Protein chains: 2
Amino acid sequence: MYAMSKKKYTIADIAAMAGISKGTVDRVIHKRGKVSKKAHEKITRILKEIDYQPNLVARNLKKNKTYTLYVLLPDPAKDPYWAPCLEGITAASDEFQAFGVMIDTAFFDPSSIKSFNSKCRQVLKNKPDGVVFVPLFYQEALAFAGDCERNDITLATFNSYLQEGQASSFIGQDLHQSGRIAGKLLHQLLGGDRKMAVIHVDEAFQNAIHMQEKEKGFRDYYGGLNDGSEVVTHTLPHKDIRNAGKSMQHFFKAHPDVSGLFVTTSKGYLLEGALPGTHAHIPVVGYDLITQNIDALKSGTLDFLIHQNPRQQAYLGVSYLSEYFAFDKQIPDRKLLPIDIINSENYIHYLQ
Amino acid sequence: MYAMSKKKYTIADIAAMAGISKGTVDRVIHKRGKVSKKAHEKITRILKEIDYQPNLVARNLKKNKTYTLYVLLPDPAKDPYWAPCLEGITAASDEFQAFGVMIDTAFFDPSSIKSFNSKCRQVLKNKPDGVVFVPLFYQEALAFAGDCERNDITLATFNSYLQEGQASSFIGQDLHQSGRIAGKLLHQLLGGDRKMAVIHVDEAFQNAIHMQEKEKGFRDYYGGLNDGSEVVTHTLPHKDIRNAGKSMQHFFKAHPDVSGLFVTTSKGYLLEGALPGTHAHIPVVGYDLITQNIDALKSGTLDFLIHQNPRQQAYLGVSYLSEYFAFDKQIPDRKLLPIDIINSENYIHYLQ
DNA sequence: TTGTAGGCGTTATCAT
DNA sequence: ATGATAACGCCTACAA
């Protein structure tokens with residue numbers, strides 16, 4: 001029989017034990033000074049002895065402050081990747097509004113720096129206590145983070161990595177490792193000594209760093225095999241997206257011996273019908289559970305998806321700040337989520 | 001700019017708006033009667049209008065009750081599968097003890113019904129407010145659930161399914177579907193028209209239902225292919241475990257054409273060195289992130305593991321009951337966790 | 001340096 | 001049927 005919790009003492013209890021008033025105990029607990037050495041020692045000893053845990057409920061009620069958080073998010077209407085974030089935000093909002101945390105959300109256009117800057121100004125004008133945001137544009141995000149710091153606004157970022165520690169927390173994934181995972185999956189499907197292709201497909205330049213990290217991880221994995229495997233890279237730039245089929249045909253003409261594809265963005269579904277019909281099926285690993293990708297998973301165009309769990313990222317960002325304000329919890333400055341492997345049989349559970 | 005939270009009203013606010021005292025408002029909110037029709041109507045209308053949300057912090061402080069929960073768990077020392085549950089329990093304990101929830105844990109021997117019954121009696125004697133337990137022994141667990149219900153003890157179960165709804169909640173996985181996932185993985189690795197084997201390896205009979213469900217899912221998947229695939233089953237009973245190699249050799253003599261294995265328990269690592277060296281590598285899918293399996297994953301004996309996330313199951317069980325008592329939250333009567341696919345590159349993120 | 005007296009929002013009790 | 005009041009544990013202001 002293994003007990004994990006113990007009796008709870010109140011400040012009044014401690015005051016009684018020490019033969020001193022509650023006020024003095026409180027001063028010791030909060031290190032406000034103005035306490036005699038004797039009293040300080042006695043109380044400190046008791047606190048240690050009983051491992052005093054303040055009643056957060058009472059503390060919170062007393063404070064009775066309401067905190068405002070802003071979430072700054074790429075518009076899900078412009079890129080469905082972000083849609084699940086709303087669920088996560090709503091869940092956290094429901095959970096913490098009872099504790100006085102109010103959450104507002106603002107969208108920016110993921111293809112417009114101007115839109116981002118404009119929303120940032122709007123958010124700053126509202127003087128929230130905390131901000132959770134996606135630092136899609138590195139320089140601008142850095143500037144915004146500086147503004148927040150100067151205004152004593154606590155920060156959490158997710159999805160994209162901004163900067164070491166500071167006042168800001170990061171929630172996301174190890175992109176390099178996710179590239180390795182993609183490599184492992186294709187290696188498992190195909191065996192060794194193969195020619196593999198990394199395909200970068202995206203409409204926006206902000207993903208460049210993401211894509212590079214993923215590619216590095218992928219190459220890292222295949223390089224480690226030392227079995228004669230080869231990796232080539234093909235980029236489908238912005239304007240070519242509607243001609244994905246054409247572009248891929250050219251690519252396959254130049255590399256007829258490629259036997260597996262790694263698509264570094266959520267645009268894997270574009271390969272539907274763009275792969276040479278003459279070949280047997282070519283295994284493809286992609287990213288993100290957007291509906292088009294799930295359809296492609298079911299139809300067999302895509303074999304595996306890597307899930308970045310945007311819902312959970314947003315949920316955690318909001319939760320961390322909420323718990324920080326409501327319960328004085330420490331904010332972890334780095335939280336890497338598991339890298340989920342998805343196929344046509346287990347995707348459903350991740351849609352929630 | 002998308003707002004998700006609204007202003008908060010107190011009972012005093014409402015009383016003032018209605019020109020009535022707080023006491024009457026409280027009576028309406030809690031349906032205690034002894035309120036005139038006129039007052040009732042007026043207050044109800046206001047409550048609806050402002051969508052009144054009681055301040056849970058204040059309510060909780062007022063109640064100021066401490067709740068006791070018991071977790072009844074198979075002894076991790078007897079089966080390492082359960083070890084991560086302790087982390088989950090500790091995490092939930094840390095989180096909720098500030099809200100007056102005390103959590104105790106008791107272990108039973110997973111191979112001894114007597115031990116289970118004895119611990120059950122011990123738990124009942126302590127008259128906790130809630131119990132989270134693993135119903136490993138169906139009949140005995142049913143009896144215990146009945147005892148709890150009679151003693152007004154709120155229940156949550158995890159890992160094994162006990163019974164429809166009632167007062168008890170279930171947290172676990174869709175085992176049938178996890179069998180399908182194993183099928184899909186092997187199918188992805190091997191292609192169609194193959195002979196596959198389901199291997200049941202276990203020391204204890206309590207897993208029988210689990211293993212059956214998983215096998216059904218697996219056969220269901222392969223049956224759906226309609227491509228000439230075949231599935232055979234081999235059971236390594238309790239006493240043969242040390243002779244896994246021998247038993248598997250016999251099996252392969254009878255079925256030399258088997259090209260993939262699905263091990264329905266956490267004992268997949270026993271196949272290390274038990275597979276015919278003459279063959280090329282035979283793909284194996286197993287269950288659970290215990291250290292031996294992870295080693296086997298790294299060495300290449302196992303290709304994929306399915307993660308049942310015992311840590312999260314225990315965490316959620318405790319959390320649900322804690323939130324029920326501390327915040328009057330409803331307990332979901334069924335929570336199916338995602339079925340995580342693990343290989344040698346992504347296991348690390350699931351260990352913590 | 002120390003003690004005391006409210007008050008946060010909700011609820012239970014006791015008068016009215 | 002209704003209203004006033006005290007109490008939960010913590011914290012702050014003010015008095016001693």
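Quick note on labels: first sequence line is chain A, next is B, and so on, each numbered from 1. The structure displayed is predicted, hence computed values, not measured ones.
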TODO: Calculate the interatomic distance between B/K65 atom NZ and C/dA12 atom C1'; express it in whole Å.
DONE: 16 Å
- [ ] Compute both the distance and the angle, then confirm whether B/R121 meets the cation-pi test with B/F144: under 6.0 Å from the six-membered ring centre, within 45 degrees of the axis.
- [x] no
- [ ] Tell me, please, whether A/Y161 has A/R334 positioned over its six-membered ring: NZ or CZ under 6.0 Å from the ring centre and within 45 degrees of its axis?
- [x] yes
TODO: Validate the cation-pi geometry between B/K65 and B/Y67: distance from NZ or CZ to the six-membered ring centre under 6.0 Å, angle to the ring axis within 45°.
DONE: yes
Task: Rounded distance in Å - NZ (A/K63) to P (C/dG9) - done: 15 Å
Open item on the list: Rounding to an integer number of Å, can you tell me how far A/I43 CD1 sits from C/dG3 C1'?
Closed with: 12 Å
TODO: For A/F99, answer base if it contacts any base atom (sugar-phosphate contacts may also be present), sugar-phosphate if it contacts only those atoms, and nothing otherwise; contact means non-hydrogen atoms under 4.0 Å.
DONE: nothing
TODO: Please determine if B/D26 and B/R32 form a salt bridge, counting it only when a charged side-chain N lies under 4.0 Å from a carboxylate O.
DONE: yes
Open item on the list: Do B/D333 and B/Y320 pair up side chain to side chain, a donor and an acceptor below 3.5 Å, judged on atom types alone?
Closed with: no
Task: Atom-pair distance (CG on B/N64; C1' on C/dA12), nearest Å - done: 14 Å
Open item on the list: With a 6.0 Å cut-off on the ring centroids, do B/F99 and B/F327 count as close?
Closed with: yes
Task: Residues in contact with DNA chain D, drawn from residues 21-39 of chain A - heavy-atom cutoff 4.0 Å - done: A/K22, A/D26, A/H30, A/R32
Open item on the list: Measure CG/B/N55 against P/C/dT11 and give the value in whole Å, please.
Closed with: 9 Å
- [ ] Would you indicate, yes or no, if C/dT10 has its OP1 or OP2 atom less than 4.0 angstrom from a side-chain nitrogen or oxygen of B/Y9?
- [x] no
- [ ] Indicate whether any N or O donor in one side chain lies under 3.5 Å from an N or O acceptor in the other, for A/Q312 and A/Y350.
- [x] no
TODO: Would you mind reading off the bend of the helix from C/dT1-D/dA16 to C/dT16-D/dA1 from its two end axes, five pairs each, to 10 degrees?
DONE: 60°
Open item on the list: Less than 4.0 angstrom between a side-chain N/O of A/Y52 and OP1 or OP2 of D/dG9, yes or no?
Closed with: no
Open item on the list: Rounded to whole Å, please give me the gap between CG in B/L61 and C1' in C/dA12.
Closed with: 14 Å
TODO: Starting at atom CD1 of B/I20, determine the distance to atom P of D/dA4, rounded to an integer number of angstrom.
DONE: 12 Å
Task: A/N159 and A/Y81 side chains, donor-acceptor separation under 3.5 Å - done: yes
Would you give me the side-chain donor-acceptor pairs under 3.5 Å for residues 35-44 of chain B, sequence neighbours excluded?
| from | atom 1 | to | atom 2 | distance (Å) |
| --- | --- | --- | --- | --- |
| B/S36 | OG | B/A39 | N | 3.2 |
| B/T44 | OG1 | B/H40 | O | 2.5 |

TODO: To the nearest Å, give me how far apart NZ (A/K62) and C1' (C/dG7) are.
DONE: 5 Å
- [ ] Verify the contact: side-chain N or O of B/R59 to OP1 or OP2 of C/dT11, cut-off strictly under 4.0 Å; return yes or no.
- [x] yes
